Amino acid sequence: MAETAAARTTAAPVALSVAPKPRRLFSWRTVRRQPRFLIGATFIGFLILLALAAPLIVRTDPKVSHPDDGIQRPSIHHLMGTDDLGRDVLGRAIYGARVSLAVGLIAVGIGLITGVTLGMTAGYKGGWADLLILRVIDALLAFPALLLAISITSALGPNLRNTMIAIGVVAIPIYARLTRGQVLQVKEREYIEAARTVGASQTRVAFRHILPNILNPLIVQASLSIAFAILAEASLSFLGLGAQPPTPTWGADINHARDYLSNGYWWMSLGPGLAILLTVFSFNLLGDSIRDILDPRLRDR
Amino acid sequence: MTAYITRRLLLMIPVAFLVSVMIFMLLRLTPGDPITILFGEEPDPTVIANLRHQYGLDRPIPIQYANWIGRFLHGDMGRSLRTRQPVTEAILTRLPATLELGLAALCFSLLISIPIGILSATKRNSVWDLVGTSFPLLGVSIPNFFSGIMLILLFSLTFRIFSPGGYVPFKVDAGQNLKHLVLPMIALATPSLAINMRFMRSGLIDALGQEYIRVARAKGLGERAVVVRHALKNAFIPFVTVVGLQVGALLEGAFITETIFLWPGVGRLAVDSIGGRDYPVVQGIVLLSALSFMSVNLIVDLLYAFLDPRIKYG
């Protein structure tokens, strides 16, 4: 008995110090079976291209008004018509993609980096740090998400940068909680103990050994949060709390179009509205399908 | 169970404290002098000094917080900067309209999502299944200001069935009240309808795959009894949690829906106050919303513990 126990302890670090190789996320075979992934990814790729190439595609400056061209129905010249200031609705919708995508990526980046750091600290250190971080997470989760974003932007002042910060802060608790839970599960595994035994520093263990193993749920959450962030940005700019005019943003353009609705100018809100719908839908589709690919147990839900 | 409730209530105290500190600090984060923020430009320095003293703004921040939260606990949330009306009163007069809209949207969402969710889970690969799988994705992707505008465009400007906005109190004219309620109710309910439908479907599919369902079928129980008596009962447990979380979505959705449909509720008051930099009103509404959201979450958690006999709480 004593002999085998001793053999086990000496053998363990050598045998187990190699962390299991994270499973390959995507292969053509799994992706091909997920039409939702293809549809979502294709549209998002198309949208990113449009946003980048906006100055090449849109002939008119989306910020300059042409009073003579005001309120025109959709036609060959203006596929989705013009607004009251004679600006091309489709052109502004294409430029609006820049703001939406930028906010989506940067806000989620802020939430992801801060949240993962907090969650990692809470889960790995435990004790007081854990208690404190947990309470802060609870407090952030005590607000309905959009309401928190509205409060932060209205306090910091309405502009594009503050919108990104506000939406980023709202996303923090989701990532912090997710990371903490995953770290608690992973940290007692033998390969982590092994890494510690051979003298890896705490940061090294956290980032080189724990992080790669909790990546999957983070990826799924990130693609779903981008959908939320874009929707939140649209809501904030609809309320006048986002990027200020004349910057084209989908939410603000819809709010502007609302004043002309009763005059029968229906096309003004259609461009930005469809843009939000398709973009958020694609990110949701993508997030859902990535979750199915990474976790086949959840398929069918 | 009593011990669990007590512990949860005690745990709520530090969180509520942190929430109130955050809301208090948000106003301090606002660039500019609080006096200018609260009372507008005031050229006379003695008037500024007086106001500063009168509102305790010359005191240390922790004492200012203590005074503020003390007054809040006594129901005093200050006065609106624009109308000089007490904030508590302003909120209370608008609360009935918001509650009416919120409750209507919640009922509408449940009435639609439960049957479709059940049909979609039990009749796989049917039309109902298609609705049950595609609507949830679409419903959470459409912002309610856009669905609201499309509803107005379709049902009040093109077909002239419902009015595009406004509010008639129920006591004045019940028929008109309901006619004005329909469109904002649908717009507000859409996202929560989508989520509820999705969870009803997945919860039921999950429950139908369990061992005890096989047992129920094996002993010769009819499919209807299997679904209703065994599967549905268990599918409702996670569903309750999700519906509870929808209250938050309804709260924030009310901000935008009420603005579009000119519904005179708390949400529109908040949006108008944000636009008019009426900070006491904004602060009051945000604090009350957060506290009610927290309470709902607590109730949902307790209900969950009560409904699911497998979960034991010390």
Side-chain angles (χ1 to χ4, degrees), chain A residues 36 131 134-158 224 227-228 230-232 234-235 238-241 250-251 254-255 257-258 261-264 266 269-270 272-285 288 298 300-301, chain B residues 11-12 14-19 21-23 25-31 124 137-138 140-150 152-153 157-158 164 198-199 201-202 205-206 247-253 255-256 259-260 270-271 274-275 277 279 282-283 285-286 289-291 293-294 297:
Chain A
R36 292 177 303 156
L131 265 180
L134 268 183
R135 287 297 88 77
V136 173
I137 294 174
D138 281 348
L140 284 173
L141 285 172
F143 295 88
L146 187 60
L147 191 64
L148 182 60
I150 291 175
S151 318
I152 296 173
T153 7
S154 67
L156 295 180
L224 293 173
F228 163 77
I230 290 176
L231 211 50
S235 305
F238 176 82
L239 293 174
L241 293 169
W250 295 338
I254 292 183
N255 187 33
R258 192 163 59 98
L261 201 59
S262 50
N263 303 0
W266 50 269
S269 55
L270 211 58
L274 289 177
I276 300 174
L277 180 62
L278 286 172
T279 308
V280 177
F281 184 72
S282 304
F283 275 108
N284 275 329
L285 214 55
D288 263 17
L298 290 174
D300 264 3
R301 294 211 175 177
Chain B
L11 214 62
M12 219 174 129
V15 175
F17 170 72
L18 268 177
V19 164
V21 170
M22 279 181 194
I23 293 173
M25 290 313 290
L26 270 180
L27 190 59
R28 295 293 177 281
L29 274 177
T30 309
R124 302 293 293 278
L137 265 177
L138 205 63
V140 292
S141 305
I142 188 164
N144 52 9
F145 49 88
F146 187 53
S147 58
I149 284 176
M150 289 296 113
I152 292 177
L153 208 56
L157 297 177
T158 311
R198 180 185 192 141
F199 273 86
R201 179 177 182 275
S202 66
I205 288 176
D206 236 22
V247 174
L250 291 175
L251 252 169
E252 57 190 21
F255 275 54
I256 285 164
T259 307
I260 294 177
V271 171
I274 290 170
R277 307 198 147 259
Y279 290 100
V282 178
Q283 216 173 31
I285 294 176
V286 172
S289 307
L291 289 179
F293 187 47
M294 277 171 74
N297 283 344

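Since this is a predicted model, take the numbers as computed values, not measurements. Just so it is clear: chains get the letters A, B, ... in the order the sequence lines come, proteins before strands, and each one is counted from 1.
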Novice: Heavy atoms only: give me the nearest Ser289(B)-Leu147(A) pair and the separation to one decimal.
Specialist: CB-CD2, 3.3 Å
Novice: Quick one: do Asn297(B) and Leu141(A) satisfy side-chain contact (heavy atoms from CB on, under 4.5 Å)? Show the steps, please.
Specialist: CA-CA 10 Å; Asn297(B) 283 344; Leu141(A) 285 172; over 6 Å; no
Novice: Using a 4.5 angstrom heavy-atom cutoff, name the option from Thr259(B), Ile149(B), Thr158(B) with the most pairs to chain A.
Specialist: Ile149(B)
Novice: Given heavy-atom pairs under 4.5 angstrom as the criterion, report whether the side chain, backbone, both or neither of Val247(B) touches chain A.
Specialist: neither
Novice: Show the nearest heavy-atom pair for residues Pro144(A) and Gly248(B), with the distance to one decimal.
Specialist: CB-O, 3.7 Å
Novice: Heavy-atom distance under 4.5 Å to chain B: side chain of Pro158(A), backbone, both or neither?
Specialist: side chain
Novice: Only counting residues at least two apart or in another chain, list the ones meeting side chain to side chain contact (heavy atoms under 4.5 Å, CB included) with Met150(B).
Specialist: Ser269(A), Leu270(A), Phe146(B), Leu153(B)
Novice: What part of Ile152(B) gets within 4.5 angstrom of chain A, counting heavy atoms only: side chain, backbone, both, or neither?
Specialist: side chain
Novice: So what's closer than 4.5 Å to chain B heavy atoms on Leu239(A): side chain, backbone, both or neither?
Specialist: side chain
Novice: Under 4.5 Å from any heavy atom of chain A, what part of Ile23(B) do you find: side chain, backbone, both or neither?
Specialist: side chain
Novice: Given a strict heavy-atom distance threshold of 4.5 Å, which part of Leu285(A) is in contact with chain B: side chain, backbone, both, or neither?
Specialist: both
Novice: Tell me, for Ala234(A) versus chain B, whether the close heavy atoms (under 4.5 Å) come from the side chain, the backbone, both or neither.
Specialist: both
Novice: CZ of Phe145(B) to CD1 of Ile276(A): how many Å apart, nearest 0.5 Å?
Specialist: 4.0 Å
Novice: Who among Leu231(A), Asn255(A), Leu278(A) has the most heavy-atom pairs with chain B under 4.5 Å?
Specialist: Leu231(A)
Novice: Is it the side chain or the backbone of Phe238(A) that comes within 4.5 Å of chain B heavy atoms, both, or neither?
Specialist: side chain
Novice: Rounded to the nearest 0.5 Å, what separation is found between the CD1 atom of Ile274(B) and the CD1 atom of Ile150(A)?
Specialist: 5.5 Å
Novice: Given the options Gly240(A), Ser235(A), Ser154(A), Gly157(A), which has more heavy-atom pairs under 4.5 Å with chain B than any of the others?
Specialist: Ser235(A)
Novice: For Ser147(B), is it the side chain, the backbone, both, or neither that has a heavy atom closer than 4.5 Å to a heavy atom of chain A?
Specialist: neither
Novice: Considering only heavy atoms and a distance below 4.5 Å, find which of Ile260(B), Val271(B), Val282(B) pairs most often with chain A.
Specialist: Ile260(B)
Novice: Less than 4.5 Å to any heavy atom of chain A: does that hold for the side chain of Ile142(B), its backbone, both, or neither?
Specialist: both
Novice: What heavy-atom pair brings Met294(B) and Ala142(A) nearest, and what distance separates the two atoms?
Specialist: CG-CB, 3.3 Å
Novice: Could you state the interatomic distance from CG (Asp138(A)) to CE (Met12(B)), rounded to the nearest 0.5 Å?
Specialist: 11.0 Å
Novice: Of all residues at least two apart in sequence or in a different chain, which pass the side chain to side chain contact (heavy atoms under 4.5 Å, CB included) check with Thr279(A)?
Specialist: Phe43(A), Leu47(A), Ile230(A), Trp250(A), Phe283(A)
Novice: Are Met22(B) and Phe143(A) side-chain neighbours, meaning at least one heavy-atom pair lies under 4.5 Å?
Specialist: yes
Novice: Of the backbone (N, CA, C, O) and the side chain (C-beta and beyond), which part of Leu157(B) lies under 4.5 Å from a heavy atom of chain A, both, or neither?
Specialist: side chain
Novice: For Leu277(A) and Leu138(B), work out which heavy atoms get closest and say how close.
Specialist: CD1-O, 4.4 Å
Novice: Taking Ile256(B), Leu251(B), Leu291(B) one by one, which has the highest count of heavy-atom pairs under 4.5 Å against chain A?
Specialist: Ile256(B)
Novice: Below 4.5 Å from any heavy atom of chain A, which atoms of Pro143(B) appear? Answer side chain, backbone, both or neither.
Specialist: both
Novice: Need one label for Val19(B): side chain, backbone, both or neither, based on atoms under 4.5 Å from any heavy atom in chain A.
Specialist: both
Novice: If you define the side chain from C-beta out and look only at heavy atoms, does anything of Leu146(A) sit under 4.5 Å from Phe255(B)?
Specialist: no
